[in-house]
Visitor: 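I'd like to ask you about the structure that follows.
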Amino acid sequence: MRLIEPSEFDQVRGREIPAHVALIMDGNGRWASYKGLDRTDGHLAAREPMMNCIDAALELGTSWLTFFAFSTENWTRPPVEVQILMDFATWFFTPETVSSLVDRGVRIHFIGDTSDARIKSSVRLRFHHLKTITSENSRLELVIAFNYGGQQEILDAVKRAALAGANLGEVDESILRRFFYLPTMPPVDLLVRTSGEQRLSNFLLWHLAYTEMLFLDTLWPEFSKGHFYTAVADYQRRQRRFGGIPRPTESRPVDTPIQGWAL
Ligand code: IPE
Ligand code: IPE
Ligand code: MG
């Protein structure tokens with residue numbers, strides 16, 4: 001896929017922007033091995049591309065941005081790697097980053113099983129603090145999926161609904177949604193996974209029901225603002241049908257691609 005150029009960013013901005021973009025940041029380990037570094041260095045290198053995405057989302061006016069930071073399955077990794085991933089909030093949310101996010105109207109959320117006893121209480125406290133200090137912001141909802149599993153989220157929602165007295169025989173989508181980790185989180189419009197793997201790895205199973213997906217070979221530490229814009233430009237060429245047929249009045253820009261755009 002051709003990476004678009006900064007001179008084309010304006011064209012992307014002028015078209016339909018996905019309201020919710022989610023990213024499976026994959027390939028940190030391979031990136032580090034190619035450089036002769038430790039896998040943990042690969043995780044630390046995930047920071048800059050995340051900031052690139054936040055910058056691009058703010059420029060484009062995307063309202064929701066969700067990152068997969070740690071899966072319920074990632075506990076099976078070597079302890080040193082789990083440790084660096086557990087410390088995510090420390091090395092990603094530095095004081096400078098937090099103040100820049102606050103200044104730019106970013107609200108921070110965490111989804112996943114953060115009550116898990118394997119997560120240190122200092123990490124939980126940090127999450128709570130970050131959520132609290134940004135709770136008045138509304139320009140960009142930044143969601144970090146941490147100790148997150150899509151199947152577990154659905155199962156937990158069912159359990160919580162039962163505990164809250166819902167009649168499970170009558171549960172519908174709108175009732176169940178109220179018991180998800182973040183009930184206000186809308187379906188994902190665009191999912192991007194890096195590193196060439198083409199699977200969901202138990203990410204946001206409910207919210208991805210009708211998502212447009214893009215799998216890029218780029219390794220996560222090399223994901224730039226240009227990649228984010230390129231992903232959105234690709235999304236703008238898609239025709240979303242949701243089980244229906246295209247409306248006759250609908251003029252998705254399939255026939256008017258960005259100059260030079262080619263797959
Ligand atoms: C993704 O990169 C990061 C997390 C799981 C948090 P990986 O560590 O999975 O990198 P690869 O897939 O081994 O290259
Ligand atoms: C998915 O990546 C999890 C995160 C990005 C947090 P993995 O690298 O863990 O996924 P698999 O094991 O290749 O499916
Ligand atoms: Mg991986």
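All residue numbers in this chain count up from 1 along the given sequence. Start at 1 and go down the list; that is how both ligands and their atoms are numbered.
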Visitor: Apply salt bridge (charged side-chain N to carboxylate O under 4.0 Å, His left out) to the pair E16 and R238, showing each step before the final yes or no.
Guide: CA-CA 11 Å; E16 185 192 335; R238 310 273 181 106; over 6 Å; no
Visitor: What residue pairs, at least two apart or across chains, pass ring-ring contact (aromatic ring centres under 6.0 Å, His included) with a residue in residues 22-43?
Guide: none
Visitor: Check ligand 2 for N or O atoms under 3.5 Å from a protein N or O and list each pair with its distance.
Guide:
residue	atom	partner	partner atom	Å
ligand 2	8 (O)	D26	OD1	3.2
ligand 2	8 (O)	R77	NH2	3.2
ligand 2	9 (O)	N74	ND2	2.9
ligand 2	9 (O)	R77	NH2	3.2
ligand 2	10 (O)	R193	NH2	3.3
ligand 2	10 (O)	S201	OG	3.3
ligand 2	13 (O)	R199	NH2	2.7
ligand 2	14 (O)	R199	NE	2.8
ligand 2	14 (O)	S201	OG	2.6

Visitor: Do F110 and H128 have ring centroids that are under 6.0 Å from one another?
Guide: no
Visitor: Any link between L214 and Y210 through a network of hydrophobic side chains (Ile, Leu, Val, Met, Phe, Trp, Tyr) touching at under 4.5 Å?
Guide: no
Visitor: Taking 4.0 angstrom as the limit and counting only heavy atoms of R39, give me the atoms of ligand 1 inside it, by number and element.
Guide: 7 (P), 8 (O), 10 (O), 13 (O)
Visitor: How far apart are the closest heavy atoms of V158 and L168, and which atoms are they?
Guide: O-CD2, 4.1 Å
Visitor: Could you grab the distance from atom NZ of K131 to atom CG of L182, nearest 0.5 Å is fine?
Guide: 9.0 Å
Visitor: Donor-acceptor pairs are to be reported for all side-chain atoms of residues 58-66 against protein atoms at under 3.5 Å, with residues two or more places apart or in another chain.
Guide:
residue	atom	partner	partner atom	Å
E59	OE1	Y229	OH	2.5
E59	OE2	K225	NZ	2.3
T66	OG1	H20	NE2	2.7

Visitor: Could you check whether N137 and S135, counting side-chain N and O atoms only, form a donor-acceptor pair closer than 3.5 Å?
Guide: no
Visitor: Decide whether V188 and I154 are clustered together by the hydrophobic rule: side chain heavy atoms of Ile, Leu, Val, Met, Phe, Trp, Tyr closer than 4.5 Å, transitively.
Guide: yes
Visitor: With 2.8 Å as the limit, count the protein N, O or S atoms near the Mg ion (ligand 3).
Guide: 1
Visitor: In Å and rounded to the nearest 0.5 Å, what is the CD1 to CD distance from I17 to Q236?
Guide: 5.0 Å
